[in-house]
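A short write-up of the structure that comes next.
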Protein chains: 2
Amino acid sequence: MTAEHLIESVSVNKIFGGWHKQYSHQSKVLNCPMQFAIYLPPQAANGKKVPVLYWLSGLTCSDENFMQKAGAMRVAAELGIAIVAPDTSPRGDDVADDEGYDLGKGAGFYVNATQAPWNKHYQMYDYVVNELPALIEATFPVSDKRAISGHSMGGHGALVIGMRNPERYSSMSAFSPICHPVTAPWGKKAFTAYLGKDKATWQEYDASELMRKATTHLPVKVDQGGADDFLVEQLQPEALEAAAKASGYPLILDIHEGYDHSYYFISSFIEDHLRFHAEHLSK
Amino acid sequence: MTAEHLIESVSVNKIFGGWHKQYSHQSKVLNCPMQFAIYLPPQAANGKKVPVLYWLSGLTCSDENFMQKAGAMRVAAELGIAIVAPDTSPRGDDVADDEGYDLGKGAGFYVNATQAPWNKHYQMYDYVVNELPALIEATFPVSDKRAISGHSMGGHGALVIGMRNPERYSSMSAFSPICHPVTAPWGKKAFTAYLGKDKATWQEYDASELMRKATTHLPVKVDQGGADDFLVEQLQPEALEAAAKASGYPLILDIHEGYDHSYYFISSFIEDHLRFHAEHLSK
């Protein structure tokens with residue numbers, strides 16, 4: 001049985017000459033069925049292996065939000081980049097959950113949980129870094145050239161995963177990332193639940209801590225809305241900027257006046273991110 | 001009291017240098033509170049009056065679907081066109097409804113209902129043609145240059161409204177319109193309820209019937225997905241094509257192989273529609 005037989009088609013739509021497809025598959029590391037979306041640009045139909053941008057979404061999202069709202073596929077079709085959007089947590093009736101929108105389902109925070117009851121399924125870090133790319137690369141006409149990006153909780157995920165695995169990615173970027181979760185309410189709540197009270201274990205999931213200690217410099221671009229309601233308390237781009245300064249990390253960080261936390265902001269600047277990744281993916 | 005005081009802000013988002021805004025207002029012709037969305041491109045902030053594209057959405061939609069999913073605002077920002085997206089029916093607890101998704105709320109079909117209980121609120125034709133543009137033009141920095149477009153039920157609405165009011169619009173367009181509702185299941189169900197059993201009254205809401213009799217030729221562009229599940233039974237573009245041929249109406253109609261009925265199709269071709277309208281709005 002090839003990897004192709006391990007996934008099941010959920011939906012198919014033609015868009016910008018390529019194909020948006022949703023699949024379900026049984027995840028071994030998450031221990032549950034998962035759904036993901038992939039955009040295959042027109043170039044992928046010509047027997048050419050295209051590079052892949054992994055997109056990590058924010059709290060409450062699924063594989064659908066980015067594909068429906070970001071307006072990314074127009075540019076991906078032009079540049080010949082596939083986009084893969086995983087879900088934001090394990091799913092299913094037997095998966096632990098919480099009443100809050102910021103913990104449990106829809107809020108996996110891209111960590112490997114060590115604490116019960118979360119550790120049975122919440123292994124999103126391993127899923128995004130290893131299991132999903134292996135499945136994608138065994139199934140679709142894609143190369144092993146990868147970039148990673150995301151929004152909010154997913155921006156945190158993209159920066160953490162990129163900095164901890166610079167050999168696996170050509171570049172990373174983020175919109176409105178949770179830059180310093182160890183001091184942000186969202187991060188403290190999630191990390192306490194998933195990782196426990198020992199804050200030493202939190203450091204490896206904090207973009208600012210990682211950037212402060214980084215010696216390898218993966219190309220990175222961050223955009224943040226200046227009118228984002230979560231800016232001061234939850235997102236803290238100034239912590240990332242200070243870390244970059246301390247370690248000499250060449251961070252591109254732009255604050256855009258008037259823009260908020262929504263997909264209206266992401267859609268306004270996604271083209272810049274795709275062109276940034278295309279430049280590094282082609283090297 | 002100016003018109004500006006008659007509307008209430010619901011939300012504001014910056015996008016592509018302009019502003020997406022949602023408002024609620026009390027509609028006189030619909031006899032209920034209504035919500036609409038407007039995109040004001042950057043040019044509208046410079047004291048310049050910009051033209052307006054009215055977008056009519058399809059069954060089950062609100063003012064939000066097009067604004068979130070079509071990717072239109074990037075091009076509208078470049079071209080300096082405002083976009084107004086009304087809701088698809090009257091709303092509220094005292095508005096008549098039906099169990100089906102294709103009748104009642106979310107399914108106003110852009111007609112003036114004559115039959116009880118629908119005639120109390122379902123006057124979407126007058127709302128879109130007269131009341132809403134009057135409000136928009138009294139409130140926002142827009143000119144009286146108008147274009148109209150829509151999808152599916154909204155494509156039907158755009159073609160009908162454009163052909164019946166060619167003096168009010170510079171151009172009209174549609175994605176996957178219900179071209180011949182008097183013979184389509186959706187149209188027959190809705191028109192029977194809203195207009196009654198006398199089919200003579202249905203003719204003035206049928207794009208193919210109007211095109212067959214038209215003497216004024218408003219510029220028109222129609223795009224249709226070739227893999228649209230509703231193509232044969234509900235949409236019938238061949239009826240519109242036959243009508244155009246019979247009356248010499250210069251119809252631009254393109255069938256796009258592989259595309260379906262979704263916003264993935266609309267987003268792939270919305271730029272062409274905006275440039276088409278911009279050309280005629282600038283005349």
Side-chain angles (χ1 to χ4, degrees), chain A residues 10-22 37-42 45 61 63-78 83 85 175-176 223-229 231 255-275, chain B residues 10-22 37-42 45 61 63-78 83 85 175-176 223-229 231 254-274:
Chain A
V10 172
S11 77
V12 180
N13 313 93
K14 192 171 183 180
I15 171 167
F16 285 105
W19 297 92
H20 167 261
K21 302 182 177 195
Q22 290 179 295
I38 184 168
Y39 178 63
L40 290 168
C61 290
D63 66 288
E64 296 190 341
N65 306 65
F66 181 78
M67 294 298 195
Q68 292 181 355
K69 295 182 175 180
M73 291 182 268
R74 178 184 62 87
V75 190
E78 177 201 324
I83 302 174
F175 289 86
S176 331
D223 286 284
Q224 170 63 52
D228 186 326
D229 288 340
L231 178 55
I255 310 288
H256 301 275
E257 193 187 343
Y259 287 90
D260 63 21
H261 200 66
S262 71
Y263 267 91
Y264 294 117
F265 168 53
I266 297 171
S267 68
S268 299
F269 296 97
I270 191 67
E271 179 165 355
D272 297 347
H273 283 238
L274 285 158
R275 294 194 187 283
Chain B
V10 173
S11 77
V12 180
N13 313 92
K14 192 170 183 181
I15 171 166
F16 285 104
W19 297 92
H20 167 260
K21 303 182 176 193
Q22 290 178 295
I38 184 168
Y39 177 64
L40 290 167
C61 289
D63 66 288
E64 296 190 341
N65 306 64
F66 180 77
M67 294 298 195
Q68 293 181 355
K69 296 182 174 180
M73 292 182 270
R74 178 184 63 87
V75 190
E78 179 202 322
I83 303 174
F175 290 86
S176 332
D223 286 284
Q224 171 64 52
D228 186 326
D229 287 341
L231 178 55
D254 290 300
I255 311 289
H256 301 275
E257 193 188 343
Y259 288 89
D260 62 21
H261 201 65
S262 72
Y263 267 91
Y264 294 117
F265 168 53
I266 297 172
S267 69
S268 300
F269 296 96
I270 190 67
E271 179 166 355
D272 297 346
H273 284 238
L274 284 158

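What you see below is based on every heavy atom in this structure, not just the backbone, and it leaves out hydrogens, waters and symmetry mates. Per chain, numbering begins at 1; letters A, B, ... match sequence-line order.
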Requested in this report: Identify the heavy atoms of A:Asn13 and B:Ser262 that sit nearest to each other, and give their distance.
Outcome: ND2-OG, 3.8 Å
Report summary line: Under 4.5 Å to a heavy atom of chain A? For B:Asp260 that would be side chain
Query raised in the report: Would you say B:Asp229 has more than 12 foreign heavy atoms packed within less than 6.0 Å of its CG?
Result: no
Query raised in the report: Are side-chain heavy atoms of A:Arg74 and B:Arg74 found at a separation under 4.5 Å?
Result: yes
Query raised in the report: Checking B:Met67 against chain A: side chain, backbone, both or neither under 4.5 Å from a heavy atom?
Result: both
Query raised in the report: Between A:Tyr264 and B:Gln68, what is the shortest heavy-atom contact and its length?
Result: OH-CG, 3.4 Å
Report task. Could you tell me which non-hydrogen atom of B:Phe16 sits nearest to which non-hydrogen atom of A:Tyr259, and how far apart they are? Result -> N-OH, 3.6 Å
Query raised in the report: Does any N or O in the side chain of B:Lys14 come within less than 3.5 Å of the main-chain N or O of A:Gly225, such that one atom is a donor and the other an acceptor?
Result: no
**Report entry** Under 4.5 Å from any heavy atom of chain A - which part of B:Phe265
**Finding:** backbone
Query raised in the report: Can any side-chain N or O of A:Lys69 pair as donor or acceptor with the backbone N or O of B:Gly71 at less than 3.5 Å?
Result: no
Report task. Sort A:Ser267 into side chain, backbone, both or neither according to what part of it lies under 4.5 angstrom from a heavy atom of chain B. Result -> both
